[in-house]
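Worksheet for the structure shown next.
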Amino acid sequence: YRTDYISLDQVPVWKHSGTVSAKPLYKANDDLSQKISLFRGDITKLEIDAVANAANKTLLGGGGVDGAIHRGAGPLLRKECATLGGCETGEAKITGAYGLPARYIIHTVGPIAHGSVGETERRALRDCYYNCLRTATENQLRTVAFPCISTGVYGYPPEQAVDVALKTVREYLEDNPAQMDRVIFCVFLKSDEDLYKGRLPAYFPKD
Ligand code: ADP
């Protein structure tokens, strides 16, 4: 029994109150907003169906969130990953979660941007979110958490990545409303928490 694990009922559903600068792009108060959470903390502590990993093409582990996930899961994760033949940018591959409290890990490889993004990178980042959700659904997984894919070492500007993440999840939930119970945006940095708080109301309005 671990006391530092965080179960789904400890992660509040997204709501906003007060003044927000973001103009809603969608009709207010639809039920999709109730399937969203913004959580700031360590993704490796979440006791949910699946956590997404911002991996590299080898799938053999790296720094950042990938390193944290491999450390938490333990060496059997690397062993399973080594059987997968790597992963292309924008694609997703599922493994067990071993020492993590989540049930599965969905590995995806974000685009390398180094500060500047064009349509290719945008499209690839979209594919990451979409293919992770599709993979979750194919495996009957209903609660999924995402880190801020590509915005660390891969250099995708966080203020542009946030819109890709929110728009893609919004679209997926619209197309597959019965398949997913909760999507958690697991941010690690205060600056990302602020970005998501600013942009979430545009995609997931609530009253
Ligand atoms: P990438 O190579 O795709 O850019 P990084 O791991 O370098 O991936 O960064 C992606 C994001 O993951 C960054 O916002 C970073 O702050 C965040 N991050 C790092 N460790 C964790 C963690 N344990 N849980 C959640 N997010 C994390």
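As the structure lists them, so they are numbered: ligands from 1, and atoms in each ligand from 1. Everything quoted here is computed from the prediction, not taken from an experiment.
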*So if you build clusters from Ile, Leu, Val, Met, Phe, Trp, Tyr with side-chain heavy-atom gaps below 4.5 Å, do Trp14 and Phe146 land together?*
yes
*Is there at least one pair of N or O atoms, one from Gly152 and one from ligand 1, spaced under 3.5 Å apart?*
yes
*Report the nearest protein non-hydrogen atom to atom 7 (O) of ligand 1: residue, atom name, distance rounded to 0.1 Å.*
Val153 N, 2.9 Å
*Report the nearest protein non-hydrogen atom to atom 13 (C) of ligand 1: residue, atom name, distance rounded to 0.1 Å.*
Thr151 OG1, 4.0 Å
*For ligand 1, does Val187 get within less than 4.0 Å through its side chain, its backbone, both, or neither, judged by non-hydrogen atoms?*
neither
*Does Gly41 have a non-hydrogen atom less than 4.0 Å from ligand 1?*
yes
*Heavy atom under 4.0 Å from ligand 1: found in Ile69's side chain, backbone, both, or neither?*
neither
*Heteroatom distance test (Val65, ligand 1): nitrogen or oxygen, under 3.5 angstrom*: yes
*When the ring centroid of Tyr172 is compared with that of Tyr130, is the distance short of 6.0 Å?*
yes
*Should Arg103 and Asp49 be marked as a salt bridge (charged side-chain N to carboxylate O under 4.0 Å, His left out) after you check the CA-CA gap, both sets of side-chain angles, and the distance that decides it?*
CA-CA 5 Å; Arg103 293 170 59 211; Asp49 288 343; 3.1 Å; yes
*Between Val51, Ile43, Ile149, Thr44, which is the residue that forms a side chain to side chain contact (heavy atoms under 4.5 Å, CB included) with Val65?*
Ile43
*Examine Ser150 against ligand 1 and note whether any of their N/O atoms are separated by less than 3.5 Å.*
yes
*Any N or O on Leu189 sitting closer than 3.5 Å to an N or O of ligand 1?*
no
*Quick one: nearest non-hydrogen protein atom to atom 24 (N) of ligand 1, plus distance?*
Ile43 N, 3.0 Å
*Say whether Thr44 and ligand 1 are in contact under the criterion: heavy-atom distance to a ligand atom below 4.0 Å.*
no
*For the residue pair Thr168 and Tyr129, what are the closest heavy atoms and their distance?*
CG2-CB, 3.8 Å
*Nearest-neighbour protein heavy atom for atom 26 (N) of ligand 1, which is reported as residue plus atom name and distance*: Phe188 CB, 3.5 Å
*Would you mind telling me which of His107, Lys79, Arg78 makes a side chain to side chain donor-acceptor pair (under 3.5 Å) with Thr95?*
His107
_Full working for salt bridge (charged side-chain N to carboxylate O under 4.0 Å, His left out) between Lys190 and Asp194_ = CA-CA 6 Å; Lys190 174 74 167 75; Asp194 292 343; 2.7 Å; yes
